[in-house]
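What follows is a single structure, written as structure tokens, with notes after it.
One-based numbering, in listed order, for ligands and for the atoms of each. Residue numbers start at 1 and run along the sequence shown. As a basis for the values below, the full set of heavy atoms in this structure was taken, side chains included, without hydrogen atoms, waters or symmetry mates.
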Amino acid sequence: MSAVGNGNNIFWHNCPVGKPEREKLLNQKGCVVWITGLSGSGKSTVACSLSRELYALGKISYVLDGDNLRHGLNKDLGFKAEDRAENIRRVGEVAKLFADAGLICIASLISPYRRDRDFCRELLPEANFIEVFMNMPLELCEARDAKGLYKLARDGKIKGFTGIDDPYEPPLNCEIELRQNDGVCPTPCDMAKQIVTFLEEKGFLQA
Ligand SMILES: Nc1ncnc2c1ncn2[C@@H]1O[C@H](COP(=O)(O)OS(=O)(=O)O)[C@@H](OP(=O)(O)O)[C@H]1O
Ligand SMILES: Nc1ncnc2c1ncn2[C@@H]1O[C@H](COP(=O)(O)OP(=O)(O)O)[C@@H](O)[C@H]1O
């Protein structure tokens, strides 16, 4: 046992069944696929499509969706920069546990601040954090406006809405960038397959 944490009386207890043993059972490697982008850029859709593609390949994944987590784990948080940072920190820690369990954890959150995303990257072993940038123009996201939130933000009925009157910092170091080709957005299935190809090439889909 070794002493860790902020307090003096906190100890880390090791378990003999570890990540490698679980990965061998599952025949995959645990990792975090972190999908970032504006509201309406297609994060949740790609996350679900990716989970389905992986399932078809016999690989176990779990989706942590920002909207869904705000119904429970993060229901006490709003959208101020500090709240968003705490939201991302918590999800990063949960994602780390899922990856340690051997799962392919797919986190889909706006996660607008580079610093917050980089914090989550640092939580994981090298190369186990795969940042996917949904690089869709604001105009496209706003035209979709699936939840009517852009309209409310434009009408001043929501303050601090990402992309309208709150910042979004695009990644500088992402592993995968998903974008339109000649003004056409690829299908969710095609984008999910692009991520699957990356995971295959990096060896995450075998123990
Ligand atoms: N002010 C403001 N700004 C941005 N988004 C807002 C806001 N208020 C509510 N919503 C809804 O909350 C969803 C984003 O939650 P996240 O947890 O992903 O946000 S963040 O990562 O903490 O920035 C987001 O869902 P997505 O559309 O799936 O991104 C919105 O539905
Ligand atoms: N590749 C795509 N092509 C066309 N429409 C899409 C695509 N991906 C998502 N959409 C649509 O855009 C809207 C927003 O998608 P969603 O996944 O909820 O985005 P986000 O999670 O980033 O807010 C939904 O109505 C969804 O059906």
Note: ligand 2 atoms sitting under 4.0 Å from heavy atoms of Met191 are 1 (N)

Report, in ascending order of atom number, the atoms of ligand 2 lying under 4.0 Å from any heavy atom of Leu38.
22 (O)

Please write down residue, atom name and distance for the protein heavy atom closest to atom 28 (O) of ligand 1.
Lys147 NZ, 3.0 Å

Any heavy-atom pair between the side chains of Pro186 and Asn181 that's under 4.5 Å?
yes

If Ile, Leu, Val, Met, Phe, Trp and Tyr residues are connected whenever their side-chain heavy atoms lie under 4.5 Å apart, and connections chain through other members, are Leu57 and Ile106 in the same group?
yes

Side chain, backbone, both or neither: which applies to Pro186 and ligand 2 if a contact is any heavy-atom pair less than 4.0 Å apart?
backbone

Lys43 versus ligand 2: do any nitrogen or oxygen atoms come within less than 3.5 Å of each other?
yes

Short N-O contact, Lys159 and Asp166, less than 4.0 angstrom
no

Do Leu50 and Leu69 share a hydrophobic cluster (ILVMFWY, side-chain heavy atoms under 4.5 Å, transitive)?
no

Are side-chain heavy atoms of Ser39 and Phe161 found at a separation under 4.5 Å?
yes

Using a 4.0 Å heavy-atom cut-off, which part of Cys185 comes near ligand 2: side chain, backbone, both, or neither?
side chain

Starting from atom 24 (C) of ligand 1, locate the nearest protein heavy atom and write down its residue, its atom name and how far away it is, to 0.1 Å.
Asp67 OD1, 3.9 Å

Say whether Ser41, considering both its backbone and side-chain N or O atoms, lies within less than 3.5 Å of an N or O atom on ligand 2.
yes

Protein heavy atom at shortest distance from atom 29 (O) of ligand 1
Lys43 NZ, 2.9 Å

Checking side chain to side chain contact (heavy atoms under 4.5 Å, CB included) for the pair Asn135/Leu178: CA distance, chi angles, key distance, verdict?
CA-CA 6 Å; Asn135 189 3; Leu178 300 172; over 6 Å; no

For residues Arg144 and Ser41, is any side-chain donor paired with an opposing acceptor at under 3.5 Å?
no

I need the nearest protein heavy-atom contact for atom 8 (N) of ligand 1: residue, atom name and distance, please.
Phe79 CE1, 3.4 Å

Which ligand 2 atoms does Ser39 reach within 4.0 Å, using its non-hydrogen atoms?
23 (O)

Within 45° of the axis and under 6.0 Å from the centre of the six-membered ring of Phe133, does NZ or CZ of Arg117 qualify?
no

Polar contact flag, side-chain donor to acceptor under 3.5 angstrom, Ser108-Asp65
yes

Does any N/O atom on Ile110 come nearer than 3.5 Å to any N/O atom on ligand 1?
yes

Proximity flag Gly66 to ligand 2, non-hydrogen atoms under 4.0 Å:
no

Taking atom 17 (O) of ligand 1 as the point of reference, which of Asn87, Asn68, Asp166 owns the nearest heavy atom?
Asn87

Taking a cutoff of less than 4.0 Å between a non-hydrogen atom of the residue and any ligand atom, is Asp65 in contact with ligand 2?
no

Using a strict 4.0 Å cut-off to heavy atoms of Ile88, name the atoms of ligand 1 that fall inside it.
21 (O)

Going by the atom numbers of ligand 2, which of them fall below 4.0 Å from some non-hydrogen atom of Thr45?
8 (N), 9 (C), 15 (O), 16 (P), 17 (O), 26 (C)

Any N or O on Ala146 sitting closer than 3.5 Å to an N or O of ligand 2?
no

Could you find the nearest protein heavy atom to atom 16 (P) of ligand 1 and give me its residue, atom name and distance?
Arg70 NE, 3.6 Å

4.0 Å heavy-atom contact, Met134 with ligand 2:
no

Where is the nearest protein heavy atom to atom 21 (O) of ligand 1: which residue, which atom, and how far?
Ser111 N, 2.8 Å

Ligand 2 contacted by Gly40 (non-hydrogen, < 4.0 Å)
yes

Atom 12 (O) of ligand 2 [closest protein heavy-atom partner, distance rounded to 0.1 Å]
Arg144 CD, 3.1 Å

Test item: Leu199 and Val33 side chains (from C-beta on) under 4.5 Å apart, heavy atoms
yes

Honestly, for Val46 the part within reach of ligand 2 (heavy atoms, under 4.0 Å) is neither

Leu109 heavy atoms, cut-off 4.0 Å: which ligand 1 atoms fall inside?
17 (O), 18 (O), 21 (O)

Spell out, as yes or no, whether a donor-acceptor pair under 3.5 Å connects the side chain of Ser51 to the backbone of Ala47.
no

With a cut-off of 4.0 Å, which atoms of ligand 1 are near a heavy atom of Thr162?
3 (N), 4 (C)

Rounded at 0.5 Å granularity, tell me how far CZ in Phe129 sits from CG in Asn173.
9.0 Å

For atom 19 (O) of ligand 2, the closest protein heavy atom turns out to be Gly42 N, 3.1 Å

Could you check whether any side-chain N or O of Arg89 sits under 3.5 Å from a backbone N or O of Asp116, counting only pairs where one atom can act as donor and the other as acceptor?
no

Can you list the steps and then say if Phe119 with Ile88 is a side chain to side chain contact (heavy atoms under 4.5 Å, CB included)?
CA-CA 9 Å; Phe119 171 86; Ile88 301 314; over 6 Å; no

I want to check something: taking the side chain as every heavy atom from C-beta on, are Ile60 and Gln28 in contact at a cut-off of under 4.5 Å?
yes

With hydrophobic residues grouped by side-chain heavy-atom distances under 4.5 Å, do Ile158 and Ile164 end up in a single group?
yes

Could you check whether any side-chain heavy atom of Tyr168 comes within less than 4.5 Å of a side-chain heavy atom of Thr36, counting everything from C-beta outward?
yes

Atom 1 (N) of ligand 1: nearest protein contact (heavy atom, Å)
Gly160 O, 2.8 Å

Within a distance under 4.0 Å of any heavy atom of Ser39, pick out the atoms of ligand 1 and give their elements.
26 (P), 27 (O), 29 (O)

Can you tell me the protein heavy atom closest to atom 30 (C) of ligand 1 and the distance?
Leu149 CD1, 3.5 Å

